[in-house]
Amino acid sequence: MGGAIVDTGNNNGKQYPGKLTCKVLWTCIVAASGGLIFGYDLGISGGVTSMDSFLKQFFPSVYAKESSVTLSDDQYCKFDSQILTLFTSSLYVAALVSSIGASKITRLLGRRVTMLWGGILFLCGAVLNASAQNVWMLIVGRLFLGFGIGCANQSVPIYVSEMAPSKYRGALNMLFQLTITIGILIANLLNYFFAKIEGGWGWRLSLGGAAVPALLIIAGSLTLPDTPNSLIERGKNEEAKDQLKKIRGVPNVDEEYNDLVNASEVSKQVKHPWRTLLTKKYRPQLVFAIGIPAFQQLTGMNVITFYAPVLSRLLGLEAVLRSCQRTLFLEGGIQMFICQAIITIAIALKFGVSGNPGVLPTWYAYGLVFFICVYVAGFAWSWGPLGWLVPSEIFPLEVRSAAQSVNVSVNMIFTFAIAQVFTAMLCHLKFGLFIFFAIFVIIMTVFIYKLLPETKGVPIEEMAVVWREHPYWKRYVEEEEVQVVPQSLEMV
């Protein structure tokens, strides 16, 4: 499926000199455009699977159930098809696999190369899907799309976090989520117009349109510079220092440069980053690299994103729907829970367990759409952007690529699972499905409240200090290791 973290007034660690230069802003905008491919796919798949012409050609049994006009039909179960959901969810298995491989590429060849491969693979998937003649061709195309998304989601948040000055890192990472949202919006608009094309071939344009964001990230990755961290990691120290001066806009970057070099030396001593990631000292960060992306999907947000057109048809909202860091985590969780509770009650009262609402009043449909929109807004300024920002910034260089792969992999595992079982869960749990997600919103809000320290304004190479000062996580930071770290790395 960036954001800002509220400043608590305690900026732990150092503050390096530097400003938000045009070069940094431009490179981060271009890099964050990688979110377009993820957002476009999130938005396009649900719309395509609700097009009658697409269902007729590839999923005729689903079309027969969906087009039934019998009033007694159970609306909850009309789209219950494991092959149909496989069309949506297969992408996320591929993204899981590619994100693990992308970790190695990102570390050895740089973040830019991984982004380039992401665009190329996504382009191949777009061509295959647009020209599909059967279900398996569709699924193979989705796999290529997934390979591309895995590469982009693994590299883009790291790239932006490393390029951005610490005090602007949250805002610039927000661009990634913004482009995801823009991709979803564009996809839904295109689906709306392409569905009206006579002859029923508009779905090919919807799926083929993925080539446009793919070409954008390909072009962008060919023009972007490497991050100083990546250059130092590959032994290009002088080039890294020159790059650091350009992106910080100040002549003296010695302090930050020296810390990056020292961090790189520590990183080179780690021969097995995946094994190192499991050691006790990285336990706090690993918990969030797993917990945050898992909870991000268990909000139920991607159910709305994937299947908004499907839900709108099932619940009779189609005509209406068309008109339409820590503190943020907590506020967003509360907002989403309240909206889910209201949506659950509204659906339960009208649809019950039979799935037959009779005649659904327009005002009732408008009310449901309103609370769905408020719910989406709550996700969009909290768990959406922060789910990518926080895991990408809390790990030191030596395990950063591996850790980001964990983040993406967990995200994709849960995205796949929810996408694959959603229609079956809706059919069997009825309105209880929304209670299921609401419970997880409560759990994840408590999780953040109890365990996540504030990270805004902390330089990315100085992040370890927040764990040493946290009342719970400090027990996992081995004081013996802290004492033997060189003076220049005291805070790393």
Side-chain angles (χ1 to χ4, degrees), residues 1-3 29-48 88-99 102 111 114-126 129 141-160 173-188 190-191 206-207 209-218 220-221 293 296-297 299 301-306 308 376 379-380 383-389 391-392 404-405 407-416 418-419:
M1 143 203 150
I29 289 174
V30 173
S33 67
L36 286 173
I37 66 175
F38 192 27
Y40 187 87
D41 181 80
L42 287 173
I44 214 70
S45 56
V48 166
T88 299
S89 63
S90 57
L91 178 147
Y92 302 101
V93 176
L96 163 64
V97 174
S98 69
S99 67
R111 292 62 168 138
T114 310
M115 291 164 58
L116 174 62
W117 274 106
I120 293 172
L121 292 168
F122 199 81
L123 179 61
C124 293
N129 273 339
R142 294 284 292 175
L143 292 176
F144 272 96
L145 293 174
F147 293 143
I149 285 175
C151 289
N153 287 3
Q154 201 278 340
S155 55
V156 170
I158 291 179
Y159 183 94
V160 175
N173 252 294
M174 182 178 174
L175 294 172
F176 184 58
Q177 178 66 26
L178 176 62
T179 57
I180 291 176
T181 306
I182 291 173
I184 294 172
L185 173 62
I186 292 172
N188 279 286
L190 292 179
N191 277 336
S206 291
L207 296 178
V212 176
L215 291 171
L216 287 176
I217 192 173
I218 290 172
S221 60
Q296 188 187 48
Q297 298 310 311
T299 61
M301 177 60 196
N302 276 350
V303 166
I304 302 296
T305 304
F306 295 152
V376 171
F379 180 88
W383 279 85
L386 298 179
W388 294 107
L389 168 62
S392 73
Q404 183 64 9
S405 290
N407 178 40
V408 175
S409 297
V410 172
N411 192 297
M412 294 302 116
I413 288 171
F414 278 85
T415 305
F416 164 77
I418 289 172

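Bear in mind the structure is a predicted one, so any value in this text is a computation, not a measurement.
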For Leu145, run the side-chain contact (heavy atoms from CB on, under 4.5 Å) check against Ile44, Leu207, Asp41 and tell me which one passes.
Asp41

Considering all heavy atoms, the nearest Ala211-Leu123 contact
CB-CD1, 3.6 Å

In short, Gly119 meets Ile217 closest at the heavy-atom pair CA-CG2, 3.3 Å

Just how far is it from atom CG of Leu143 to atom CG of Asn129, taken to the nearest 0.5 Å?
9.5 Å

Show the nearest heavy-atom pair for residues Tyr40 and Ser206, with the distance to one decimal.
OH-O, 2.6 Å

Considering non-hydrogen atoms only, spot the tightest contact between Ala214 and Ile37 and give its length.
N-CG2, 3.9 Å

Looking only at heavy atoms, which two atoms of Ser98 and Gly146 are closest? And how far apart?
OG-O, 3.6 Å

OG1 of Thr179 to CD1 of Ile186: how many Å apart, nearest 0.5 Å?
10.0 Å

Walk me through whether Phe414 and Val410 qualify under side-chain contact (heavy atoms from CB on, under 4.5 Å).
CA-CA 6 Å; Phe414 278 85; Val410 172; 3.8 Å; yes

Find the distance between CD1 (Ile120) and OG (Ser221) and round it off to the nearest 0.5 Å.
7.5 Å

How far apart are the closest heavy atoms of Arg111 and Ile158, and which atoms are they?
NE-CG2, 3.5 Å

Calculate, to the nearest 0.5 Å, the distance between atoms CG and CG belonging to Asn153 and Asn411 respectively.
7.0 Å

Side chains of Gln154 and Ser99: donor-acceptor distance under 3.5 Å anywhere?
no

How long is the gap from CG on Leu121 to CG on Leu116, to the nearest 0.5 Å?
9.5 Å

